[in-house]
Amino acid sequence: MTKPYIIEDGYVFIAVPLILAVLAGMFLNLYVAAVPALLAVYFTYFFRNPKRCVPRDESALVSPADGKVMSVEEVEDDLYLNARCRKIVIFLSIFDAHVNRTPLAGTIKFQQYTCGRFRPAYKDGVGFENERYSLGIENERTRILVTLIAGVLARRVVSWVTLGDTLLHGQLYGMIKFGSCIEVFVEDNVDIYVKKGDFVRGGETIIGRIVE
């Protein structure tokens, strides 16, 4: 999926403070105009879609987003995988690129949107309490579950794909607006390549690899 360098969802966020900055500069003063102008600059930065070099290795799982790995743990998933699996949790600050990319090529076999609370995305348990959007992706070698979780400021999950769509390796498929967390659940035929504290880049950093 091809998207512009500035995601369309951000246009209104950029335009409104920019108009306010112009009006403030015309009828008030430049100091007042600086506040909405800075907001417009920030929104332009937030809704960026940086180019990424996706690894050619189809067995490599790439990070779905930019951010910091908060944990890697063994859990039981009863939403899609229905098995014991590993979960990688990635926290996105308000300064990270928030476009999301699919970790592997495959078909969307599961899709679920769940309403919930808006606790800080770095808190334990937000995957069960906060508003979230889950995708189950499957190919001939493995299955994964990717869950986008809203946070205190993240009030909307945006998806550009739907059930039955076939995704390319590292393809853009959505974003969460303003600070969030992503959980990636993988089966036991995936070797994990990241650990707590690592910083990852969406579409580029290899977080795991499928093994036979």
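Note that these values count all heavy atoms, side chains included, but never hydrogens, waters or copies made by symmetry.
With sequence neighbours left out, Arg48 forms a side-chain hydrogen bond (donor to acceptor under 3.5 Å, both in side chains) with Tyr45. Shown here are the side-chain hydrogen bond (donor to acceptor under 3.5 Å, both in side chains) partners of Lys51, two or more places apart in sequence or in another chain: there are none. Listed by chain and number, the residues in a salt bridge (charged side-chain N to carboxylate O under 4.0 Å, His left out) with Glu187 are Arg143 (sequence neighbours excluded). Partners of Tyr11 by side-chain hydrogen bond (donor to acceptor under 3.5 Å, both in side chains), not counting sequence neighbours: none found. When the salt bridge (charged side-chain N to carboxylate O under 4.0 Å, His left out) test is applied to Glu140, no partner is found at least two apart in sequence or on another chain. For Asp188, there are no salt bridge (charged side-chain N to carboxylate O under 4.0 Å, His left out) partners, not counting sequence neighbours. Residues satisfying the salt bridge (charged side-chain N to carboxylate O under 4.0 Å, His left out) test with Asp198, not counting sequence neighbours, are Lys195. Take Ser71 and apply the side-chain hydrogen bond (donor to acceptor under 3.5 Å, both in side chains) test, not counting sequence neighbours, and it matches no residue.
Residues Val99 and Met175 come closest through the heavy atom pair CA-CB, 4.0 Å.
Interatomic distance, Gln111 CD to Ser159 OG, rounded to the nearest 0.5 Å: 6.0 Å. Here the CG-OH distance, from Leu61 to Tyr193, works out to 10.5 Å after rounding to the nearest 0.5 Å.
Apart from Tyr80 itself, the hydrophobic cluster it occupies contains Val75, Leu79, Leu81, Phe110, Leu145, Phe185, where clustering links Ile, Leu, Val, Met, Phe, Trp and Tyr at side-chain heavy-atom distances under 4.5 Å. Cluster partners of Ile19, using a side-chain heavy-atom cutoff of under 4.5 Å among ILVMFWY residues and allowing indirect links, are Val22, Leu23, Met26, Phe27. The hydrophobic cluster containing Val32 also includes Leu28, under a criterion of side-chain heavy atoms closer than 4.5 Å among ILVMFWY residues, counted directly or through chains of members.
Pairs passing the ring-ring contact (aromatic ring centres under 6.0 Å, His included) check and including a residue from residues 49-77, sequence neighbours excluded, do not occur.
Considering only heavy atoms from C-beta on, Val194 comes within 4.5 Å of Val200 through its side chain.
Between the side chain of Glu204 and the main chain of Cys53, a donor-acceptor pair closer than 3.5 Å is present.
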message: Before you tell me yes or no, could you show the steps for Val161 and Leu167 under side-chain contact (heavy atoms from CB on, under 4.5 Å), namely the whole-Å CA-CA distance, both residues' side-chain angles and the distance that decides it to 0.1 Å?
response: CA-CA 9 Å; Val161 297; Leu167 305 178; 3.6 Å; yes
query: Between Val62 and Ile207, is a side-chain contact (heavy atoms from CB on, under 4.5 Å) present by the stated rule, with each step listed?
result: CA-CA 6 Å; Val62 296; Ile207 62 173; over 6 Å; no
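Between the side chains of Thr205 and Ser63, no donor-acceptor pair of N or O atoms lies under 3.5 Å.
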